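Have a look at the structure below, then the notes.
When a residue number appears, it is its place in the shown sequence, counting from 1. All values derive from a computational prediction rather than experimental measurement. The figures here come from the full heavy-atom set of this structure, side chains too, leaving out hydrogens, waters and symmetry mates.
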Amino acid sequence: MLLKQVYLEHAKEPADIRISDGKFEKIGPDLAPLPGEEVEEGFAGKMVLPPFIESHVHLDTCLTAGRPRWNLSGTLFEGIQCWEEYKPFLTKQEVKERVGQAIRLQAGNGIQHVRTHVDINDPKLTALEAILELREEVRDYMDIQIVAFPQYGILSYPNGRELLEQALKMGADAAGAIPHFEFTREYSVESLNICFELAQKYGKLIDVHCDEIDDEASRGLETVATRAYETGMGDMVTASHTTAMHSYNNAYVIRLMRILKMSGMNFVANPCVNVHLGGRADTYPKRRSMTRVKELTAEGINVSFGSDDIFDPWNPLGNGKMRDQVFMGLYTGHMLGYEEIVNSYRFVTYNAARTLHLGDAYGIAEGKDADFVILDAGNWYDALNYDAAVLRSYRHGRLIASAQPARKEVLF
Ligand code: 17E
Ligand code: FE2
């Protein structure tokens, strides 16, 4: 196929892209069609990006909002309670159907890589088993990375350590932890030691739910960063949420930033859910509770954005669309400078690829797999502002999702 006159990211001039055998074969200003080649001219002037990446979502809980009841306080803790009440309804079949639906929602929005956290504080590991199966079934359409996530803690839940180890043996890609939810500060530190020990034992990545609380004394992050540095795991390690960092005093952050940089680790902010769950113990002023994305980015530290939730106990909304996270993240993070807007797709593409440790395979260049999306806009500024649809999503050169451009008519 020869795709004519599209804008690659924010290139000034349009280019043609030749795709054959599932790869980007040639990219150039004006390629002449080969004999018999299919020529696609219908997207001239549209923007092409590598596929969107969801770097933090809980697929096991998705599409369960209101069942058996709604989270009315809007707190993380009531969300965890609602999820606990849903757990008795989990069966492998139920999880596969529900999560399959969410994956199709994501695919329709141009996502091709997902990192999902799966709660492994379940003696039967039902959701994990279901999502491991689903991961294989959808492999041709979506890459799914699984984090073994101990919702109640590694040391504060019966057999937490054993369950985490078993999940890694069963095939989870990354070890999780939740230091701010452990019973004590000592457990919090020790749980991180266990997380690192097991990840190293089984050769896995790490993604910690870290300091997701408005408590300025919640300091799991310094331990995560120090272990990432000392073990040399570096960019294999991610700290998700780190909302307490919003509340830390600046003097402490100056000290902390040094080890964060030295560690080489990644961060994930979840703008919509962090703002929704955060500040709930405040009267006024109410904290935004998103981690310090602007400052981390300015220090050259990798930050990506995730949705966290799609219509579940922690987010009564959610559509599996990464654009919405960018939109909210830029507003919440005071990042609406022109350059910040123009480059903001990176939070849900390249930066997220680094978080997921995708390596060189990701991106648009001759010789790479032809994985890409075409947006209904000529540039990211407009795509973000007007919420442009993903007109086409191609994976290894094959069309896997499409949308019709929306039409509006104003009668004056
Ligand atoms: N569990 C948790 O501890 N934190 C979250 N943000 C979600 C689940 C969604
Ligand atoms: Fe999360």
Verify, without hydrogens or angle tests, whether [X] (side chain) and [Y] (backbone) share a donor-acceptor contact under 3.5 angstrom.
X: Arg115; Y: Ala174; answer: no
X: Asn249; Y: Ala251; answer: yes
X: Asn121; Y: Tyr152; answer: yes

Answer with yes or no after comparing the ring centroid distance for [X] and [Y] against a 6.0 Å cut-off, counting only values under it.
X: His56; Y: His209; value: yes
X: Phe149; Y: His58; value: yes
X: His10; Y: Tyr345; value: yes
X: Phe77; Y: Phe181; value: yes

Salt bridge or not between [X] and [Y]? Use side-chain N to carboxylate O under 4.0 Å.
X: Glu129; Y: Lys124; answer: no
X: Asp122; Y: Lys87; answer: no
X: Glu197; Y: Arg161; answer: yes
X: Arg354; Y: Asp235; answer: no

Is the ring pair Tyr394/Phe372 parallel, tilted or perpendicular, if the boundaries are 30 and 60 degrees?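 If you compare the ring of Tyr394 with that of Phe372, the planes turn out parallel.
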Tyr248 vs Tyr252 aromatic rings, parallel, tilted or perpendicular, using cut-offs 30° and 60°?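 Perpendicular.
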Evaluation steps, side chain to side chain contact (heavy atoms under 4.5 Å, CB included), between Leu256 and Met245: CA-CA 10 Å; Leu256 179 65; Met245 205 177 171; 4.2 Å; yes
Would you check if [X] and [Y] make a side-chain contact, meaning some heavy-atom pair closer than 4.5 Å?
X: Arg398; Y: His396; value: no
X: Ser73; Y: Asn71; value: yes
X: Tyr7; Y: Asn379; value: no
X: Glu54; Y: Gln325; value: no
X: Leu128; Y: Gln166; value: no
X: Leu375; Y: Val390; value: yes
X: Arg227; Y: Met233; value: no
X: Leu59; Y: Val118; value: no

Checking Glu97 against Gln101: is there a side-chain donor and acceptor pair closer than 3.5 Å?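 Per modelled atom types, Gln101 and Glu97 side chains form no pair under 3.5 Å.
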Any side-chain donor paired with an acceptor under 3.5 Å for Ser55 and Thr355?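 Looking only at side-chain atoms, Thr355 and Ser55 do not form any donor-acceptor pair under 3.5 Å.
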So how far is it from [X] [atom1] to [Y] [atom2], rounded to the nearest 0.5 Å?
X: Asp16; Y: Leu2; atom1: CG; atom2: CG; result: 5.0 Å
X: Lys204; Y: Asp173; atom1: NZ; atom2: CG; result: 6.0 Å
X: Leu391; Y: Asp376; atom1: CG; atom2: CG; result: 4.0 Å
X: Asn343; Y: Tyr338; atom1: CG; atom2: OH; result: 9.5 Å
X: Arg280; Y: Glu78; atom1: CZ; atom2: CD; result: 10.0 Å
X: Ile310; Y: Gln106; atom1: CD1; atom2: CD; result: 4.5 Å

For a salt bridge (Lys or Arg N to Asp or Glu O under 4.0 Å) check, start with the C-alpha distance between Asp214 and Lys286, then their side-chain angles and the critical distance, and finish with the verdict. CA-CA 10 Å; Asp214 288 328; Lys286 291 180 194 270; over 6 Å; no
Please report the shortest heavy-atom distance between Asp215 and Ala244, naming the atom on each side.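 Of all heavy-atom pairs spanning Asp215 and Ala244, the closest is O-CB, 3.5 Å.
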Return the minimal non-hydrogen interatomic distance between Val326 and Trp380, and the atom names on each side.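 So the two residues come closest at CG1-CZ2, 4.2 Å.
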For Val208 and Ile206, run side chain to side chain contact (heavy atoms under 4.5 Å, CB included): C-alpha distance rounded to whole Å, both residues' side-chain angles, the deciding distance at 0.1 Å, then the answer. CA-CA 6 Å; Val208 176; Ile206 287 178; 3.7 Å; yes
Mind running side chain to side chain donor-acceptor pair (under 3.5 Å) on Asp308 and Trp314 for me, showing each step along the way? CA-CA 8 Å; Asp308 207 18; Trp314 298 274; over 6 Å; no
What verdict does the side chain to side chain donor-acceptor pair (under 3.5 Å) test give for Asn274 and Thr243, after you've listed the backbone C-alpha separation in whole Å, the side-chain angles of each residue and the deciding distance to 0.1 Å? CA-CA 7 Å; Asn274 292 154; Thr243 54; 5.5 Å; no
Name of the residue among Arg98, Lys92, Lys96 meeting salt bridge (charged side-chain N to carboxylate O under 4.0 Å, His left out) with Glu94: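 By the salt bridge (charged side-chain N to carboxylate O under 4.0 Å, His left out) criterion, Glu94 pairs with just one of Arg98, Lys92, Lys96: Arg98.
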Could you give me the CA-CA distance, side-chain angles and deciding distance for Asp211 and Arg219, then say whether salt bridge (Lys or Arg N to Asp or Glu O under 4.0 Å) is met? CA-CA 7 Å; Asp211 306 316; Arg219 294 184 173 184; over 6 Å; no
Given Thr61 and Tyr86, is the side chain to side chain contact (heavy atoms under 4.5 Å, CB included) satisfied, shown in steps? CA-CA 9 Å; Thr61 62; Tyr86 188 86; over 6 Å; no
Run the side chain to side chain contact (heavy atoms under 4.5 Å, CB included) check on Leu260 and Leu221 step by step: do they pass? CA-CA 9 Å; Leu260 297 184; Leu221 179 56; 3.8 Å; yes
Side chain to side chain contact (heavy atoms under 4.5 Å, CB included) with Asn109: which of Arg104, Arg323, Lys321?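 Answer after filtering Arg104, Arg323, Lys321: Lys321.
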